[in-house]
Chemist: 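Here it is, the structure, as C-alpha cells.
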Amino acid sequence: MKRLKVVSLALATLVTATLFAGCASTKDNGTQNENQATVAENKSADIVVIGAGGAGMSAAMQAVQNGATNVVILEKMPQTGGNTIRTTGGMNAAETELQATEGIEDSVELMVEDTMKGGKDLNDPELVQVLAEKSADGVRWINENGGDLSEVGMFGGASVKRIHKPTGGAAVGPMLVQMFNENLDKLNVPVLLETTADQIIVDEAGKVSGVKASNKDGEFTIDCKAVVLATGGFGGNAEMVVEYKPELTGFGTTNHAGATGDGITMAKELGAQLVDIEQIQTHPTVHPETQTMYTEAVRGNGAILVNKEGKRFVNELLTRDVVSEAILAQTDEISYILFDQNVRDGLKAIEKYIAAGIIYEADTIEGLAEQIGVDGTALKETMDAYAGYQASGTDAEFGRESMEEPLTNAKFYAGLCTPAIHHTMGGVKINTNTEVLKEDGSAIPGLFAAGEVTGGVHGANRLGGNAVADIVVFGRIAGENAAKYVVANGGNTEATITVEKNTEIAKPEVDGGYKDGVYTGTGKGNGGDVTVEVTVEGGNIVKIELKDHKETPGIFEGAETGVSNEIIRTQSTDVEVVTGATLTSEAIKTAVAEAIKDAK
Ligand code: MEZ
C-alpha cells in the first residue's frame with residue numbers, strides 16, 4: 001500500500017492580525033524589531049482560549065454569551081477551523097426535535113450505550129453521559145446561532161439515525177466554521193491568527209495566571225484568569241503518533257498540519273494527567289494519494305466496500321477500527337468504495353470527490369470493473385447478491401442492517417481507499433466541568449480543556465459524528481465554566497485586545513514587466529477548477545480575483561489573500577503555499593501562471 005508522509009509546509013500568508021494592547025499589562029518583554037510594523041506587547045484578558053477549532057470557538061462563543069467580557073482566542077495557523085473545517089459527516093445527538101419529527105426512536109441511554117460499545121468500554125462513563133445528555137441542546141444551539149443541521153442520517157456504530165447534517169448532506173465543517181466566525185465577529189471576540197501559545201503560566205498557588213505566546217513580532221505574555229485549552233489532537237504529528245502507536249508508522253493522515261499535540265505538551269508541563277494517549281483511530285476510507293476522506297455518510301447512505309477481487313469483505317457500517325482492520329487484511333491493504341447514482345444524488349459531499357478527480361465512473365458494473373482493474377464477473381455477482389440482500393432486508397454474508405440502496409441505478413462509481421490516521425482519542429484528563437485534572441485527581445485552578453486535546457470521551461474508538469458532538473458539548477461547558485470561574489476570581493474586566501484584519505491588497509515590490517491587460521487562467525484545486533482574473537497595470541500584476549471555484553469556505557479565503565498578495569508583491573508565481581490550504585494555493589499559482597503566460 002502506498003502510504004504518504006505527513007508534509008508540513010512553511011507559513012506564507014500575508015493575512016495577519018495587527019494587535020492593539022488597549023490596556024498595557026504589568027511588564028513589556030516584547031521584542032523590538034525595526035523592520036516590523038508591530039511589536040509584541042504584553043497584554044491582559046480574562047479568558048484565553050488556545051486554539052480556534054470547533055472546541056475553542058464553541059468555548060469562546062459560549063463564554064461571551066454567558067457574560068464574559070474579555071475573551072481572546074490564540075490560533076497558530078493562518079486561519080480558524082482546525083480539524084473541524086475538514087469534518088464532513090455531521091454531529092451525533094439523541095432525542096432531538098428532528099429525530100422526533102422523523103419518527104426516529106432514540107434516547108440518551110442508547111447514545112451512551114452505542115458510544116461506550118464503540119469505545120470498547122474504555123470511555124469515561126460520566127463524560128459520555130454528559131455528551132449524550134447535552135447533545136440535543138448542542139444541535140439546537142448551532143441552529144439557533146445561524147447553523148444548518150437539518151437532516152439526520154445513519155453512521156457506523158449507531159443503532160439509529162443520529163448524525164445531524166446540513167441540507168443535502170453538505171459537509172458539516174465549513175458550515176460550522178462559518179457559523180463560528182460570524183458569531184465571534186458579532187460578539188467582538190478577537191482571534192489572533194498565526195499566534196502560538198508556548199506556555200501556560202501558573203502563580204505560586206498553582207492557579208492559571210497567563211499564557212506565553214509568540215507571533216511574527218516576537219514573544220509576549222497575556223495575563224489572564226482562565227485558559228481554555230482547545231488545541232486539538234496530534235494526528236498531524238507523525239512522530240508523536242508513532243511514539244504512542246508504533247504500528248501506525250507510514251500511515252497517511254486526514255488531519256490538518258496544525259494538529260501537532262502542543263496542548264498536550266503544555267498541560268503535561270503543569271502536571272496534567274493523560275488518559276488513553278495510545279488510542280489512535282484510523283478512518284477506513286481515505287484516498288491514499290490525496291488523503292481525501294470519503295465521509296462515512298457515503299457508506300451510511302448506501303455505499304459498499306469491495307476488494308481487488310471484486311468481493312465484499314465486511315459489514316461496511318461496523319465501527320472504524322473494525323472496518324479499517326478488515327481493509328488492511330485485503331490484497332494491497334486497499335479497497336474500493338462503490339456506489340450508484342442514487343447515493344451520489346443524495347449526498348452533496350460526493351461532488352467534492354468527483355471534482356477532485358478521485359472517483360471512477362461507468363454506465364455499467366462491468367465497465368466500472370474494467371476501470372478499477374477488478375474481475376467484471378465477480379463484481380457483477382457481488383452487486384447482484386447485494387441488491388438481493390437489500391430487497392430482502394437481510395445481508396446473509398455480513399449482517400449489515402442499514403442498506404439504504406440496492407445500488408442498481410447507473411451510473412456506478414468507485415473510489416480507491418485505505419485507512420489513514422484520523423482521531424487521537426487520548427489526551428488530558430478532564431472532569432464533567434471540563435477542569436483539567438492532575439495525577440492526584442485535583443483540578444488545576446483556572447485551566448479548562450475541550451475537544452480532541454482531551455481524553456476519555458471516546459475510549460478506544462470514536463464513533464463517526466461524536467467528534468462534532470464532543471467539541472460542541474464540551475466546548476460550551478468549558479466556556480460556561482471559564483466565565484463562571486472568572487467572575488468568582490475577580491472578573492469581568494473590559495475588553496483589552498482588539499484585532500484589525502489586514503485586508504489591504506499588497507503593492508508590487510519589483511518590476512513585473514508584463515503587458516497591461518486583464519487575463520484569465522485556470523488551475524485545479526481541492527474542489528475542482530479555480531478560475532482567476534489577473535489585472536496588469538503599469539506593467540505590474542495589481543489585482544488577482546478568484547472568479548469561479550468550489551473550494552472550501554473558511555479555507556480558500558486564506559489562500560486567496562495570502563498567495564495573491566505574495567504574487568503581487570514578488571510579481572512571480574514562485575511563492576510559498578498557505579499552510580492548511582495547499583491545493584487551493586497551488587491552484588491559484590497555476591491559474592495565475594496560465595493567465596500571464598501571454599503577458600510577458
Ligand atoms: O466524526 C467523524 O470523524 C466523521 C463524521 C467523519 C466522516 O466520516 O465524515
Side-chain angles (χ1 to χ4, degrees), residues 53-55 81-93 111 114-115 118-119 123 131 135 138-139 142 149 151-158 161-166 168-177 232-233 235-236 252-256 259 279-287 291-303 305 316-324 327 335 337 339 343 346-353 402 415 417-425 451-452 457-475 552:
N83 268 344
T84 303
I85 191 89
R86 298 179 162 223
T87 316
T88 317
M91 170 169 169
N92 285 342
M111 181 166 166
D114 287 344
T115 302
N123 330 45
L131 178 86
S135 59
V139 169
I142 288 168
L149 291 175
E151 292 186 4
V152 59
M154 194 69 197
F155 249 52
K161 288 187 177 178
R162 183 180 292 143
I163 190 157
H164 293 68
K165 311 185 271 191
V172 74
M175 177 281 290
L176 280 177
V177 173
T253 182
T254 62
N255 284 245
H256 80 123
Q279 300 297 336
I280 299 170
Q281 172 177 80
T282 55
H283 192 290
T285 56
V286 180
H287 183 250
Q291 302 298 298
T292 305
M293 177 192 76
Y294 308 99
T295 174
E296 214 170 299
V298 184
R299 282 172 283 145
N301 284 18
L305 296 174
E316 294 84 355
L317 291 184
L318 290 181
T319 50
R320 290 171 176 178
D321 52 338
V322 179
V323 180
S324 290
I327 294 175
S335 161
I337 186 162
F339 51 95
V343 176
L347 193 68
K348 273 193 197 149
I350 290 175
E351 298 311 313
K352 185 176 145 204
Y353 318 139
S402 166
C417 53
T418 194
I421 295 155
H422 187 55
H423 192 95
T424 47
M425 272 84 63
E452 202 174 339
V457 178
H458 308 292
N461 178 64
R462 176 174 67 75
L463 293 187
N466 270 355
V468 176
D470 181 0
I471 58 175
V472 172
V473 167
F474 290 103
T552 312

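Since the structure is predicted, the reported quantities are computational estimates derived from the model, not experimental observations. Just follow the structure's listing: the first ligand is 1, and inside any ligand the first atom is 1.
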Chemist: For a 4.5 angstrom cut-off between non-hydrogen side-chain atoms, does His283 reach His423?
Modeler: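 No - every pair of side-chain heavy atoms lies 4.5 Å or more apart.
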Chemist: Per the side chain to side chain contact (heavy atoms under 4.5 Å, CB included) rule, which among Thr254, Val298, Thr295, Leu347 passes with Thr88?
Modeler: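 Between Thr88 and the candidates, side chain to side chain contact (heavy atoms under 4.5 Å, CB included) is satisfied uniquely by Thr295.
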Chemist: Do any N or O atoms from the side chain of Gln291 and from the backbone of Thr253 form a donor-acceptor pair under 3.5 angstrom?
Modeler: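 Here the side-chain-to-backbone pair exists.
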Chemist: Which residue is it: Leu176, Val472, Val172, Val468? I am looking for the one with a side chain to side chain contact (heavy atoms under 4.5 Å, CB included) to Thr84.
Modeler: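 Per the side chain to side chain contact (heavy atoms under 4.5 Å, CB included) rule, the option paired with Thr84 is Leu176, out of Leu176, Val472, Val172, Val468.
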Chemist: How would you list, by chain and number, the residues with a heavy atom under 4.0 angstrom from ligand 1?
Modeler: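 Around ligand 1, where the cutoff is 4.0 Å for heavy atoms, the contacting residues are Thr88, Gly89, Gly90, Phe155, His283, Met293, Thr295, Glu296, Arg320, His422, Arg462, Gly464, Gly465.
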Chemist: With side-chain contact (heavy atoms from CB on, under 4.5 Å) as the test, would you mind laying out the steps for Arg320 and Glu296 before giving the verdict?
Modeler: CA-CA 9 Å; Arg320 290 171 176 178; Glu296 214 170 299; 2.6 Å; yes
Chemist: Distance alone, cut at 3.5 Å: any donor-acceptor contact between the side chains of Thr115 and Asn123?
Modeler: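 There is no such pair between these side chains.
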